[in-house]
**Student:** 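This is the structure I want to talk about, given as structure tokens.
In the text below, chain A, chain B and the rest are named by the order of the sequence lines, each starting its count at 1. Nothing here was measured: the structure is a model prediction, and the numbers come from that model.
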2 protein chains.
Amino acid sequence: MTGVLIPGPGKRVTLRDVALEAGVSIKTVSRVVNGEPAVNAATAVRVAGVVERLGYRPNELARSLKGQRSRTIGLVISDISNPFMASCAQAIEGVAQEHGHALILCDSHADLRTEGDYVGLLTQRQVDGLLLVPAHGHNVHLNREQQAGLPVVTLDRPAEGVQADMVLVQNRAGAREATEHLIRHGHERIAFVGDVRNFYTTRKRLEGYKEALKAANLKPAPSLGAHSIELGEEAAKSVLDAPDRPTALFAANILTALGALRAIEHLGLRIPEDVALIGFDDFELAPVLRPRFTLVRQPAAELGRRAAEMLFDRLEGRGRPEPRRLVLPTELVVRESCGCPVEPAP
Amino acid sequence: MTGVLIPGPGKRVTLRDVALEAGVSIKTVSRVVNGEPAVNAATAVRVAGVVERLGYRPNELARSLKGQRSRTIGLVISDISNPFMASCAQAIEGVAQEHGHALILCDSHADLRTEGDYVGLLTQRQVDGLLLVPAHGHNVHLNREQQAGLPVVTLDRPAEGVQADMVLVQNRAGAREATEHLIRHGHERIAFVGDVRNFYTTRKRLEGYKEALKAANLKPAPSLGAHSIELGEEAAKSVLDAPDRPTALFAANILTALGALRAIEHLGLRIPEDVALIGFDDFELAPVLRPRFTLVRQPAAELGRRAAEMLFDRLEGRGRPEPRRLVLPTELVVRESCGCPVEPAP
DNA sequence: TTGTACGCGTTATCAA
DNA sequence: TTGATAACGCGTACAA
């Protein structure tokens, strides 16, 4: 026995230690710790005292190994530094917390291979379920895990090549509504600046845009592939430099919205007098910009929350076995960049 | 060999299954899986084949239980939906990944009690180390874990009542530099709008602000307690409504910066002609605002990265035993809201 | 080169 | 009401 009272590194107190100290069997300690009924009140109190004094904490790893469930879920997200994703993640973390589960965070950087690696790692860690924002491509790695019985819920977009639960937002309807709003302002040449074409969200928003134009007998003018603010700026510039300059722009995500903003300024045009502008995907500063930014808002927190809840429905055995698909409404937040009258300062 | 190739739900393949199928002992399979040398090449190949065919994946939980290290670290962050924190988290996740560790994400919502609960949960899960953005208050719960040998690194601010490694940014120097910049523009009445006074970062920035004013023989005019955009707006309004209106404002964080922006507009003042403005804490839209926003930028990703690296230094036994403290430089990004000449559009 | 036996810390079974 | 003992899946020590 050393003179040191503070336990050295790595010396964790186990059930055995408590049992020894309290003069009972480890099972009795286990019972007390887990609040099982069949324990003499007196011994329970005594054991609880020792537990407290020694600072015993159950080893969750051992519990998991024994119990076949890790009380852990995995989240593979495409980019946590994206505020939209961060809000999703925050909501997910909250739901996991409520259900007594830990959340392992993985950032795939929207790379399919990285995503696959992460999914593998997570299953090795015996996660009880998986939430993911799938990278573009064929998410085959999910098949294997699903067939092994791992519940999977995707959010923001569906996984390809796999049948999984999913929670989406109304990309098509949202884009359509925004475009219709521009049409109602009298615009006839409305351009679309969007991200990479083979992204699910880009495609859907493009569809909505086209639908609206078609219904009004107008000609679509899409420009795709803008995967950064810079590319968005270039795309917007070339669109606005065309001979028959569009009088309105629909920027299908935040990157292109900001890029468009820069392009418009660079060209010396005014919003909304020369070019009306509507974006997709919320950002905190939208109401601070001048003119105030009109956009299609996505319910980020709710997206995360509902996806997590859907996962726990599975984990807790609720709901039908067939894949579920939930689509959340977007909201057109009308401010000024679309050409609507300036609100009085609040 | 059964006829069913696809394992049913929950039926995880174990070393035993592989061993049985390959006609070898468990240990031999283990050797093959872990790439240990002492294995006959032929059997190694055969076993590897079975591993592949059965889709065996080592149970990381069992490994951890045996090996006394979970290859998992915990991150307790105050608010993941804050872009600054999200960038930290992203960098941390990357470093964890590089070191083969999983990252458990916990959002304390800046609540001390929640933080304590999370720290407890994480140790129960046998995390190898802890990263946290401590909530305000006495972070006593850390003492216990630290004494049990758990490495802890805090970021953005120090923990109170505990000696732990930490990575900070130069709050004082950054604020001082910003204030000096305003002074150099000729301002003599420079107000400070900041978050809650007992926040470490608020205090340090306030100190820097005061230092700069004192050196110039000017009188400080701080307004504290602005813990939301709305409160920031009110604070800025009351400051700017005072009889001797300040000609410049230093907004000590992003919330107050946005609040100030609103207040200034509401009062019908112009930036920087009527009020010059400098903020603290970067945001993506700063260059998009008009006028372009001058601010003190914090190296969020580096903060996260360095903190994580510091943790792994400990985990891998590098470095001295005494607590380390790393302070990263901030950068004054001069744009227009401070009164500097308008840059030509790029 | 391969296999046996044990232990990691828990919970579950069954007997006392 | 309690306790010995066997799992959980893996790695380590030692034998064969």
Side-chain angles (χ1 to χ4, degrees), chain A residues 7 9-48 50-51 54-72 100 121 123-128 148, chain B residues 7 10-48 50-51 54-72 121 123-128 148:
Chain A
K11 279 212 176 184
R12 294 237 160 76
V13 181
T14 76
L15 275 186
R16 256 179 60 100
D17 302 324
V18 179
L20 237 56
E21 182 78 10
V24 294
S25 80
I26 61 173
K27 181 58 195 168
T28 300
V29 181
S30 171
R31 279 193 254 262
V32 173
V33 169
N34 292 357
E36 288 173 34
V39 180
N40 181 298
T43 46
V45 169
R46 186 160 45 95
V47 169
V50 179
V51 164
L54 263 49
Y56 166 77
R57 318 214 56 161
N59 182 327
E60 197 62 38
L61 248 45
R63 274 188 172 166
S64 301
L65 181 60
K66 183 74 186 131
Q68 311 286 50
R69 26 202 295 279
S70 60
R71 270 166 254 180
T72 302
L121 289 178
T123 44
Q124 288 197 204
R125 285 173 185 277
Q126 313 298 114
V127 292
D128 296 335
Chain B
K11 281 214 178 182
R12 293 238 161 77
V13 181
T14 76
L15 276 187
R16 255 178 61 102
D17 302 325
V18 179
L20 237 57
E21 182 79 8
V24 294
S25 81
I26 291 188
K27 182 56 199 169
T28 301
V29 181
S30 169
R31 278 194 254 265
V32 173
V33 169
N34 292 359
E36 289 173 33
V39 180
N40 180 299
T43 45
V45 170
R46 186 162 46 96
V47 169
V50 178
V51 164
L54 263 48
Y56 167 76
R57 318 216 55 162
N59 182 327
E60 197 62 37
L61 249 44
R63 276 186 170 167
S64 302
L65 183 58
K66 180 77 189 134
Q68 311 285 50
R69 29 201 292 277
S70 60
R71 270 167 251 178
T72 303
L121 289 179
T123 44
Q124 288 196 205
R125 285 173 185 277
Q126 314 297 116
V127 292
D128 296 335

**Student:** Check side-chain hydrogen bond (donor to acceptor under 3.5 Å, both in side chains) between Gln126(A) and all other residues, then give those that pass, not counting sequence neighbours.
**Tutor:**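 Partners of Gln126(A) by the side-chain hydrogen bond (donor to acceptor under 3.5 Å, both in side chains) criterion come out as none, since no residue qualifies.
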
**Student:** Hey, does the side chain of Asn40(A) reach the backbone of Ala42(A) with a donor-acceptor pair shorter than 3.5 angstrom?
**Tutor:**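 Present.
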
**Student:** Check side chain to side chain contact (heavy atoms under 4.5 Å, CB included) between Lys66(A) and all other residues, then give those that pass, not counting sequence neighbours.
**Tutor:**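 Residues passing side chain to side chain contact (heavy atoms under 4.5 Å, CB included) with Lys66(A): none at all.
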
**Student:** Leu121(A): which residues meet the side chain to side chain contact (heavy atoms under 4.5 Å, CB included) condition with it, sequence neighbours left out?
**Tutor:**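 Side chain to side chain contact (heavy atoms under 4.5 Å, CB included) check on Leu121(A) returns Tyr118(A).
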
**Student:** Angle between the end axes of the helix from dT1(C)-dA16(D) to dA16(C)-dT1(D), five pairs per end, to the nearest 10 degrees?
**Tutor:**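 That helix has its two terminal axes inclined by roughly 50°.
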
**Student:** Under a 3.5 Å distance rule, please check whether Arg46(A) uses its side chain to pair with a backbone N or O of Ala22(A) as donor and acceptor.
**Tutor:**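 It does hold such a pair.
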
**Student:** Take nucleotides 6-16 of chain C nucleotide by nucleotide from the 5' end and write B, S or -, depending on whether a protein heavy atom sits under 4.0 Å from the base, only from the sugar-phosphate, or from neither.
**Tutor:** -BBBBBB----

**Student:** Thr28(A): what forms a side chain to side chain contact (heavy atoms under 4.5 Å, CB included) with it, not counting sequence neighbours?
**Tutor:**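 Side chain to side chain contact (heavy atoms under 4.5 Å, CB included) list for Thr28(A), sorted by chain: Val24(A), Ser25(A).
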
**Student:** Applying salt bridge (charged side-chain N to carboxylate O under 4.0 Å, His left out), name anything that partners Arg63(A), two or more places apart in sequence or on another chain.
**Tutor:**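 Arg63(A) satisfies salt bridge (charged side-chain N to carboxylate O under 4.0 Å, His left out) with Glu60(A) only.
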
**Student:** Walk along DNA chain D from 5' to 3' and tell me the first and last nucleotide with an atom closer than 4.0 Å to a non-hydrogen atom of chain A.
**Tutor:**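 For DNA chain D, the relevant span reads dT1(D) to dG9(D).
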
**Student:** Taking side chain to side chain contact (heavy atoms under 4.5 Å, CB included) as the definition, give me every residue that meets it alongside Arg57(B), ordered by chain and number, with sequence neighbours left out.
**Tutor:**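 So Arg57(B) forms a side chain to side chain contact (heavy atoms under 4.5 Å, CB included) with Thr123(A), Gln124(A), Arg144(A), Glu145(A).
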
**Student:** With heavy atoms under 4.0 Å as the rule, sort Ser64(A) into base, sugar-phosphate or nothing.
**Tutor:**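 Nothing: the residue Ser64(A), judged by heavy atoms under 4.0 Å, touches no strand.
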
**Student:** Going by side-chain hydrogen bond (donor to acceptor under 3.5 Å, both in side chains), name the residues that satisfy it together with Arg125(A), two or more places apart in sequence or in a different chain.
**Tutor:**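 Testing Arg125(A) for side-chain hydrogen bond (donor to acceptor under 3.5 Å, both in side chains), a comparison that skips the adjacent residues, returns Thr72(B).
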
**Student:** Before giving the answer on side-chain contact (heavy atoms from CB on, under 4.5 Å), spell out for Asn59(A) and Leu65(B) the whole-Å C-alpha distance, their side-chain angles and the decisive distance to 0.1 Å.
**Tutor:** CA-CA 9 Å; Asn59(A) 182 327; Leu65(B) 183 58; 4.1 Å; yes

